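These notes are about the structure you will find just below.
Side chains are part of it too, since the values below use all heavy atoms of this structure and drop only hydrogens, waters and symmetry mates. Model, not experiment: these values are computed from the prediction.
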Amino acid sequence: MVFERDSAWNVTDLSLDYYLYTPPGYDEPARADDAWPQLIILHGPGESGGSPTKVAAHGPPKLIEQGTDFPFVVASPHNPGELPHNLWLTDFLGAFADHLSQTQRVAPDRVYLAGFSLGGYAAWNWAATQPDRFAALVPLAGWGYPAEAANLADVPVRAYHGNMDFVVSINHARTMLDAHTAAGGSNELVTLSVGHGAATPAFEAPELIEWLLEQSR
């Protein structure tokens with residue numbers, strides 16, 4: 001699917017493809033009025049540009065392609081790689097989330113945000129910019145600016161990081177969570193016996209799915 005919007009960053013007609021998954025039961029007539037939890041997940045730099053099918057390299061899209069079902073709507077935008085360093089624009093992502101809320105039956109108080117690697121950085125930044133939008137945040141091998149952590153003190157965080165990650169040090173996750181705790185936030189760091197590849201094993205764990213479903217604004 002494609003979402004398109006004019007950008008304020010001198011990039012006209014900026015558009016992105018996105019992966020969309022709806023859970024079992026979503027299309028049943030008897031549940032036509034149900035609103036569903038939603039997970040938005042932002043990929044890393046390796047999936048930017050090129051074919052939008054690259055979003056299925058890690059995390060929920062990969063697991064869904066392998067046959068795993070999830071109990072929420074999953075939306076994974078594909079970064080077209082048109083900006084320096086494959087950055088994500090938070091204003092554009094906010095408009096994308098608005099588009100999803102208008103086109104999918106999403107429970108507005110149960111929108112969860114996850115991000116892997118550079119997408120984890122973007123997830124921290126987006127949540128800090130628009131904290132009232134999200135019920136929970138899941139950074140995966142990510143990092144952020146500790147000064148922003150106070151902005152999302154009311155957003156629970158469950159971070160995942162490989163203890164053998166030599167691309168993004170686990171100390172970046174600890175620094176962000178320490179700042180979040182100091183601001184009064186509730187969080188947990190789950191370490192995995194992997195390198196820079198936390199996104200898929202994190203979402204293979206039933207505990208994460210159960211934790212997300214317990215969160216609401």
Side-chain angles (χ1 to χ4, degrees), residues 37-47 55 57-63 70 72 74-77 79 86-88 90 93 97 110-217:
Q38 180 186 60
L39 173 71
I40 299 174
I41 181 163
L42 308 178
H43 62 70
E47 291 72 62
V55 301
H58 303 282
K62 177 179 181 177
L63 295 170
F70 285 92
F72 30 65
V74 177
S76 182
N79 190 322
N86 297 316
L87 293 176
W88 294 95
T90 54
L93 288 170
R110 302 183 73 190
V111 177
Y112 314 125
L113 175 62
F116 170 60
S117 188
L118 183 63
Y121 161 79
W124 274 113
N125 182 250
W126 185 12
T129 304
Q130 301 177 352
D132 293 340
R133 187 182 289 276
F134 302 110
L137 174 65
V138 183
L140 306 152
W143 72 98
Y145 295 113
E148 294 184 337
N151 295 349
L152 46 95
D154 294 332
V155 180
V157 179
R158 190 177 175 103
Y160 286 76
H161 216 104
N163 57 16
M164 296 178 284
D165 191 336
F166 299 112
V167 177
V168 178
S169 170
I170 195 172
N171 290 329
H172 290 294
R174 293 188 175 117
T175 298
M176 288 301 297
L177 295 181
D178 286 346
H180 188 244
T181 298
S186 171
N187 60 65
E188 180 180 1
L189 174 61
V190 180
T191 58
L192 302 172
S193 298
V194 298
H196 191 58
T200 301
F203 278 95
E204 287 177 320
E207 293 82 4
L208 175 54
I209 309 305
E210 294 167 3
W211 179 83
L212 283 171
L213 293 176
E214 292 171 355
Q215 311 307 316
S216 64
R217 289 194 291 109

Side chain to side chain, Trp143 and Ile170, heavy atoms closer than 4.5 Å: no

What one should report as the nearest heavy-atom pair of Asp165 and Ala141 is OD2-CB, 3.6 Å

Quick one about Gln130 and Trp126 (side-chain donor to acceptor, distance below 3.5 Å, no hydrogens or angles considered), yes or no? yes

Looking at every non-hydrogen atom in both residues, tell me the closest pair between Pro77 and Leu93 and how far apart they are. CG-CD2, 4.4 Å

Check Pro201 against Val194 and note the closest heavy-atom contact, atom names and distance. CG-CG1, 4.4 Å

Looking at Arg158 and Val190, would you say the former's side chain and the latter's main chain have a donor-acceptor pair under 3.5 Å? no

d(Ile40 CD1, Arg133 CZ) to nearest 0.5 Å is 7.5 Å

Determine whether a donor-acceptor pair (N or O, by modelled atom type, separation under 3.5 Å) exists between the side chain of Tyr112 and the backbone of Phe72. no

CA sep, side-chain torsions, deciding dist, call: Phe134, Leu152, side chain to side chain contact (heavy atoms under 4.5 Å, CB included): CA-CA 9 Å; Phe134 302 110; Leu152 46 95; over 6 Å; no

Determine yes or no for a side-chain-to-main-chain donor-acceptor pair under 3.5 angstrom, with Ser76 supplying the side chain and Ile41 the backbone. yes

For Ala114 and Leu39, which heavy atoms make the closest approach, and how far apart are they? CB-CD1, 4.0 Å

Rounded to the nearest 0.5 Å, how far apart are CG of Asp132 and CZ of Arg217? 6.5 Å

Apply the test side chain to side chain contact (heavy atoms under 4.5 Å, CB included) to residues Thr129 and Trp124: give CA-CA distance (whole Å), side-chain angles for both, the deciding distance (0.1 Å), then the verdict. CA-CA 9 Å; Thr129 304; Trp124 274 113; over 6 Å; no

Nearest 0.5 Å, what's the CZ-CD distance between Phe70 and Gln38? 14.5 Å

Exam field: side chain Gln215 to backbone Leu212, donor-acceptor pair closer than 3.5 Å: no

In Å and rounded to the nearest 0.5 Å, what is the OG1 to CG distance from Thr181 to Asn187? 3.5 Å

Write down the atom of Pro61, the atom of His58, and the distance for their closest heavy-atom approach. CD-O, 3.6 Å

Is it the case that more than 12 heavy atoms not belonging to Asp178 sit under 6.0 Å from its CG atom? yes

Verdict with supporting geometry, Val168 and Tyr121, side chain to side chain contact (heavy atoms under 4.5 Å, CB included): CA-CA 11 Å; Val168 178; Tyr121 161 79; over 6 Å; no

Can you name the closest pair of heavy atoms from Pro146 and Thr175 and give their distance? CG-CG2, 3.6 Å

Would you check if the side chain of Arg110 reaches a backbone N or O of Leu213 as a donor-acceptor pair within less than 3.5 Å? yes

Rounded at 0.5 Å granularity, tell me how far CD in Glu210 sits from CG in Leu208. 9.5 Å

Would you sort out whether Leu113 and Val155 count as a side chain to side chain contact (heavy atoms under 4.5 Å, CB included), showing the intermediate values? CA-CA 10 Å; Leu113 175 62; Val155 180; over 6 Å; no

Backbone of Asn171 reached by a side-chain donor or acceptor of His161 within 3.5 Å: no

State the OH-CD distance between Tyr160 and Glu188, to the nearest 0.5 angstrom. 7.0 Å

Donor-acceptor under 3.5 Å (His43 side chain, Asn79 main chain): yes

